[in-house]
Amino acid sequence: MADRKSSGQIDLSNLKAILKMEGQTITCPVIGDVTIYVQGTRASNEVVILTVHDLGCDHTMYLEFVEHPKLAPIRNRTVWVHVDVPGQGQDAADLPADYQFPSMQQIGEDLIHVLDHLKIKEVVCFGEGAGANILARFAMAHINRVLGVCLMHTTATAAGLMESLKDKVMRWKLDTIGMNPSAENYLLLHRFGATKFSKASDNEELKAIVESYQETLRNKANPRNLKKFVEAFLKRTNIADNIKKLNCPVLLVTGQLSIFNGTTKGLHQSILKTCGDKTKVEFIEIGGVANVLEEKPDKLVECFQYFLQGIGVVSSVPMQNVVRPPRGRSMSMQDYDIPLRQRLFSAQFSSSPPISCSPPSLDGQQSASGGASTPSTPNSPTTPEHCNLISKILAISIHQEDKVLLSKTHHQLCQHEGKLI
């Protein structure tokens, strides 16, 4: 949490304005109506980042991260499209009684209609937990519309026995008595890896984040709708068997203390076994935290920026924590138009002393006036050694067919000095 403080405070007035931004409803053929929120300004050369939220959350879980001071250079060059899973927004009404809540696979596949409706050609996917699982399925189904995916705390396998038992108890309580301590603790464990944080580096700030999340669960989340989303997550199918379809750059991020640390590592190994180019897959583990998005946003910003620049977008943004050396003199466009060999001649003679009209005195020989002997100047362009040096330098840079021109130039240079060789 020290990273959050050291990087400067978030503009709360701007964040409050963003929290009030109006959503747009888009109807998809299978999953029905979804609400999306566009953060940023659309442009012809836009880079669009598509997000899906985790269990017990909605699009607001990403807003503070996007407004992080260190993300400003990227934020100014990107547009974020946040998707709320049906019925999961704050203060959402109950889903219709006859509404069949979609599976994780159906949600992932049907999100393509959001892109088509907004006339978006390609996106970078960014998701956590259940949202990351959905976006992985989206990328596998529509790989030609995806530039890359950043997945945090992702599980690619089906739910295990213990997870199923815990989910069944929690779902029953959500359905019968609404939000309750058991369900709340389960969701806290899902997002933060624990329900107690006495060993946190900044306990007070982390406690505030957890209390804010608990407040949302108790007062703003619809427990009946949330139960349906949890059910869909419980019934998720194994995507590891078909992970070879995820044929795009992948960044996997996990906290060391996350309960999904092991499953994220397992997904990384599954991708490495099937992908043709292992350089497209990156795995980042942040030490000492469970929720990277909330506890180490600075680190996540750095990782995400390098990932984006690795896939060829936002390349003009300066790298984080890298001090650039002062720039030297750059050549003008006129300099670039000058042939290489001509530039070499000009540079060589501009750095040499003026040419003497009289030949140099030999070593140990008295001058005509009887003065001291004057040794030849090693750097003087009048010596044969210097002429040979120029020839060698030019021979390295000039192509084979220019040997005739080189020979003529060398002859003229030596003739000018009265030392034809």
Side-chain angles (χ1 to χ4, degrees), residues 31 50-57 83 85 102-112 123-143 145-167 186-187 189-193 229-286 290-293 300 303-304 307 311:
I31 65 178
L50 179 68
T51 76
V52 180
H53 56 83
D54 198 2
L55 297 177
C57 306
V83 177
V85 175
S103 66
M104 302 286 281
Q105 186 67 28
Q106 289 174 322
I107 298 174
E109 293 177 353
D110 223 28
L111 287 182
I112 192 64
V123 295
V124 177
C125 298
F126 185 89
E128 181 187 19
N133 188 282
I134 290 172
L135 289 173
R137 297 171 189 272
F138 167 80
M140 293 165 65
H142 309 286
I143 196 64
R145 304 288 291 272
V146 178
L147 295 172
V149 293
C150 175
L151 308 175
M152 295 170 284
H153 308 132
T154 316
T155 176
T157 58
L161 177 61
M162 291 304 297
E163 184 181 0
S164 299
L165 291 176
K166 291 178 181 179
D167 281 351
Y186 170 84
L187 292 169
L189 181 67
H190 176 87
R191 285 217 68 205
F192 296 97
F229 190 17
V230 173
E231 277 185 333
F233 183 68
L234 170 66
K235 296 177 181 178
R236 65 187 183 272
T237 56
N238 190 337
I239 62 175
D241 295 337
N242 298 316
I243 204 64
K244 62 182 179 181
K245 295 181 180 179
L246 193 62
N247 188 24
C248 67
V250 179
L251 172 63
L252 300 174
V253 183
T254 182
Q256 183 184 21
L257 305 180
S258 170
I259 62 171
F260 294 110
N261 180 283
T263 58
T264 306
K265 290 180 178 178
L267 176 59
H268 179 229
Q269 293 302 316
S270 298
I271 297 175
L272 289 179
K273 291 178 182 178
T274 58
C275 69
D277 185 1
K278 291 180 174 55
T279 61
K280 289 185 176 181
V281 185
E282 296 290 341
F283 175 81
I284 303 295
E285 181 182 41
I286 307 299
N291 190 303
V292 178
L293 186 68
L300 184 57
C303 297
F304 189 52
F307 175 70
I311 63 178

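Below, all heavy atoms of this structure are taken into account, side chains as well, without hydrogens, waters or symmetry copies.
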Given the rule in the side chain to side chain contact (heavy atoms under 4.5 Å, CB included) test, do T237 and R137 qualify, once you have shown the distances and angles that lead to the verdict?
-> CA-CA 10 Å; T237 56; R137 297 171 189 272; 3.0 Å; yes
In Å and rounded to the nearest 0.5 Å, what is the OG to CD1 distance from S258 to I286?
-> 12.0 Å
Here the gap from N238 atom CG to I243 atom CD1, rounded to the nearest 0.5 Å, amounts to 9.0 Å
Taking atom CD1 of I134 and atom SG of C125, what is their separation to the nearest 0.5 Å?
-> 11.5 Å
Which heavy-atom pair separates A139 from V149 by the least distance, and what is that distance?
-> CB-CG1, 3.7 Å
Does the side chain to side chain contact (heavy atoms under 4.5 Å, CB included) test come out yes or no for V250 and H268, once each step is laid out?
-> CA-CA 9 Å; V250 179; H268 179 229; over 6 Å; no
From N261 atom CG to Q256 atom CD, the distance as rounded to the nearest 0.5 Å = 7.5 Å
Chi angles and distances behind the side chain to side chain contact (heavy atoms under 4.5 Å, CB included) call for E128, N291 | CA-CA 10 Å; E128 181 187 19; N291 190 303; 3.2 Å; yes
Can you find a pair of side-chain heavy atoms, one from I239 and one from L246, that are under 4.5 Å apart?
-> no
Looking at CG of L135 and OG1 of T51, how far apart are the two atoms once the value is rounded to the nearest 0.5 Å?
-> 7.5 Å
Side-chain contact test, heavy atoms from C-beta onward, threshold under 4.5 Å: evaluate it for K265 versus L252 and give yes or no.
-> no
With distance as the sole test, does H153 use its side chain to make a donor-acceptor pair with the main-chain N or O of G255 at under 3.5 Å?
-> yes
Kindly indicate whether the side chain of K245, heavy atoms from C-beta on, has any atom under 4.5 Å from the side chain of I143.
-> no
Work out which heavy atom in L151 is nearest to a heavy atom in A136; give both atom names and the distance.
-> CD1-CB, 4.0 Å
Any donor-acceptor N/O pair, R145 side chain to V123 backbone, under 3.5 Å = no
Within the distance-only criterion (no hydrogens, no angle test), does the side chain of T154 pair as donor or acceptor with the backbone N or O of T264 below 3.5 angstrom?
-> no
Look at the rings of F229 and H53 and say which category their plane angle falls in: under 30° parallel, 30 to 60° tilted, over 60° perpendicular.
-> perpendicular
Nearest heavy atoms of A240 and S270, plus distance in Å = CB-OG, 4.1 Å
Closest non-hydrogen atoms of F307 and P249, given as atom of the first, atom of the second and distance, are CZ-O, 3.6 Å
So, H142 side chain and E109 main chain: donor-acceptor pair closer than 3.5 Å or not?
-> yes
Considering only heavy atoms from C-beta outward, does the side chain of V52 approach that of L111 to under 4.5 Å?
-> yes
Atom CG in N133, atom CZ in F233: separation rounded to 0.5 Å?
-> 6.5 Å
Identify the residue among I284, T254, L300 that makes a side chain to side chain contact (heavy atoms under 4.5 Å, CB included) with V292.
-> L300
Within a strict 4.5 Å, meaning less than it, do heavy atoms of the F283 and L272 side chains meet?
-> no
